[in-house]
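Nothing here was measured: the structure is a model prediction, and the numbers come from that model. The sequence lines fix the lettering, A, B, ..., with proteins before strands; numbering per chain opens at 1. These values consider heavy atoms only, across backbone and side chains, with no hydrogens, waters or symmetry-generated copies.
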Amino acid sequence: MPEPREPLTTDDVAKVANLAMLDLSDDELVTFTSQLDAVLDLAGELNQFDVAEVAPTAHPFGLTNVFRPDEPEPDDIADAIREEALAAGPEVEDHQYRVPPALGEAL
Amino acid sequence: MSQTRTETESASSEPNLLPEGWEMVIGLEVHAELATQTKMFSPARNQFGGDPNTNVHPVCLGLPGTLPVVNEKAVEHSIRIGLALNCTVQRCIWARKNYFYPDMPKDYQISQYDKPLNVDGWLDLPGGSRVGIERAHMEEDTGKSTHVGVSGRIHDAGYSLVDYNRAGVPLIEIVTRPEIRGPEQAKEYVEELRSILVTIGASDGKMEEGSLRVDANVSVRPTGADELRTRCEVKNVNSLRSLGRAIIYEARRHVDLYEAGDSPRQETRHWDEEAGRSRPGRSKEEAEDYRYFADPDLVPIDPSAEWIAEIAASIPALPKERRDALIGKGASAEAAAMAVGRQLDALALAAIEAGADADRVLTHVANNLAVDGAQNLDAGHLAELVKMETDGALTATQAKQVLAEMVETGSAPGAVAAAHGFEAMDTGELETLVDQLIADSPEEWERFVAGDDKARHKMQGFFTGQIMKATKGQADGKAVNQLLNQRASR
């Protein structure tokens, strides 16, 4: 059996929240820390199984080598996609998407 | 990418660019865009240039509900690269690299992490050193954002414009072990790698268009130590020249810090070519915690031994093999590298094999064939031309002129020479002319025969000039000199 893990701290959750660009209040940090800790406990139940002889599973389907040929979309379809995709952007300038400053200081 | 601690000695003969007692430790990460028709996971075109957002598709725009499907050709190219770099090609999986930036609209980049396609290879450089390849993995390129702001600099950006034409373009990232010991070896590595990528048709290798990009991991250590100290990753290196400068700058910065009792911080830095220095990267990038995990949308790639063998069989002769073929025919390492670099090695080799003098052929490659269309030159014609030269039927100057016209028109050298009136001058005819001139110029001849080296040289110019005048430049200068010396020693 593996060592029992250390319980999650609010610092751990604050770090993950920061990487995910989530702005959590102190109360929310406490709430999510206990919830995430419970999720880890649940996942930890898998530790009771001996998997030393089991090959790692990268994907549940057991498929490999799903490919498509290197063939471009026909031009008329590509053009239609472009029009639609640009029309869906909240702000467009010179056929480019206009977005807020990229540094994220405002977040 | 973490540097591993396995080390081998590399044969580097670089001048020491650091203060006494310090050496450089460099690892390179090269990103190359693969030469496919379409993107890594979508049927949008993989095309440089073009109006913004013309080569887009719901998959590379990261729209909800879309699913990526792997481009088989991109995998084939990647395996070909792995084999050309002596890597082990293995079963591999895709991973999500999570970060937030508008040039990657899914908020993650699909890459490979703990199970990459190619591992543990090496590349032998023309200078004799070997650089270990840690891995060569597949991933997708990002879009391009243009920062619009007061000064145009990223830190003052008012807003950004994003073009997704490049988003999802298939990339290979080739990571060396930290075995490179100086800027010259780094440049040599990139040049050789680029040459291989172009030769096998996997990438166009154009640094100026960004289809080949280099990041350098630089650290320093006391000479001869086997430790690896804190490294900095220098990005935004857009040419081989910048690569060399950036490496020297960064390594000296580290030495200065250590010698002042300080030490560098592990960070990403951006090279500023104009200022000639590196600067710390964006603060967000310092939190390099990408929380990789296996991408559930994509299944593993498990290339069969048959497929790998088929791809291996399709790999043409690599630059090293091509250089060696010419060196085997007597070419110097430099001349061979030049011929291969200009894609003229097959021509040169064929001409030499057809009996042409190797030195003359390689001299033409170096001096007279750096022109469009030279690759289409007929090797038989080149061999004939060189033979006319070595037989004395054409002077070096005439040969150069004939060659230029051969490249332009595809004509045979004999025909071109005849059209210019470059008829072979009969040796007997030349002898008669030389003897006549000697008889007509007794004073000059006396000075040639009896004079010191300087006088002799001057008179040689006189006689050669007179003969050239008399033959309208058709005489071979070397043959004239030979005759003069022969007559003088009688």
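For chain A, the nearby parts of I301(B) are the backbone and the side chain; heavy atoms of each come within less than 4.5 Å. Interface residue K39(B): only backbone heavy atoms are found under 4.5 Å from chain A. With a threshold of 4.5 angstrom between heavy atoms, L61(B) approaches chain A through side-chain atoms but not through N, CA, C or O. Only the backbone of P296(B) comes within less than 4.5 Å of a heavy atom of chain A; no side-chain atom from C-beta onward does. If you measure heavy-atom distances from F41(B) to chain A, the contacts under 4.5 Å come from the backbone alone. The contact between L63(A) and chain B is made by backbone and side chain atoms together, counting heavy-atom distances below 4.5 Å. Contact of T146(B) with chain A is made through the side chain alone, with heavy-atom distances under 4.5 Å. With a 4.5 Å cut-off on non-hydrogen atoms, E73(A) touches chain B through its backbone and its side chain both. If you measure heavy-atom distances from L63(B) to chain A, you find no contacts under 4.5 Å at all.
Distance check, rounded to the nearest 0.5 Å: CG of N71(B) to CZ of F67(A) gives 9.5 Å. N55(B) contributes atom CG, which lies 11.0 Å from atom CD1 of I81(A) (distance to the nearest 0.5 angstrom).
Using modelled atom types, no side-chain atom of R82(A) and backbone atom of V56(B) make a donor-acceptor pair closer than 3.5 Å.
More than 12 heavy-atom neighbours from other residues, nucleotides or ligands sit within 6.0 angstrom of NZ on K97(B). Counting heavy-atom neighbours within 6.0 Å of D76(A) CG, excluding the residue itself, gives a total above 12.
Annotation: maximal heavy-atom pairing with chain B below 4.5 Å, among D94(A), D79(A), T64(A), occurs at T64(A). Heavy-atom pairs under 4.5 Å with chain A peak, among Q37(B), K115(B), K73(B), at Q37(B). Listed options A20(A), A58(A), G62(A), A85(A) were ranked by heavy-atom pairs under 4.5 angstrom with chain B; first place goes to A20(A). Put simply, of S42(B), A74(B), S304(B), the one with the most heavy-atom pairs under 4.5 Å next to chain A is S42(B).
The shortest side-chain heavy-atom distance between D75(A) and R45(B) falls under the 4.5 Å cut-off. Within the 4.5 Å cutoff, side-chain heavy atoms of T38(B) are placed close to those of R68(A).
A donor and an acceptor atom, one from each side chain of Y159(B) and E93(A), are located under 3.5 Å apart.
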Full working for side-chain contact (heavy atoms from CB on, under 4.5 Å) between V66(A) and V70(B) = CA-CA 7 Å; V66(A) 176; V70(B) 176; over 6 Å; no

Test log, rule side-chain contact (heavy atoms from CB on, under 4.5 Å), inputs L161(B) and R98(A) = CA-CA 5 Å; L161(B) 294 177; R98(A) 182 178 163 149; 3.8 Å; yes

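The side chain to side chain contact (heavy atoms under 4.5 Å, CB included) test with D70(A) is passed by exactly one of T36(B), L34(B), N46(B), V75(B): T36(B).
Looking at every heavy atom in both residues, L19(A) comes nearest to F100(B) through O-CE1, 3.2 Å.
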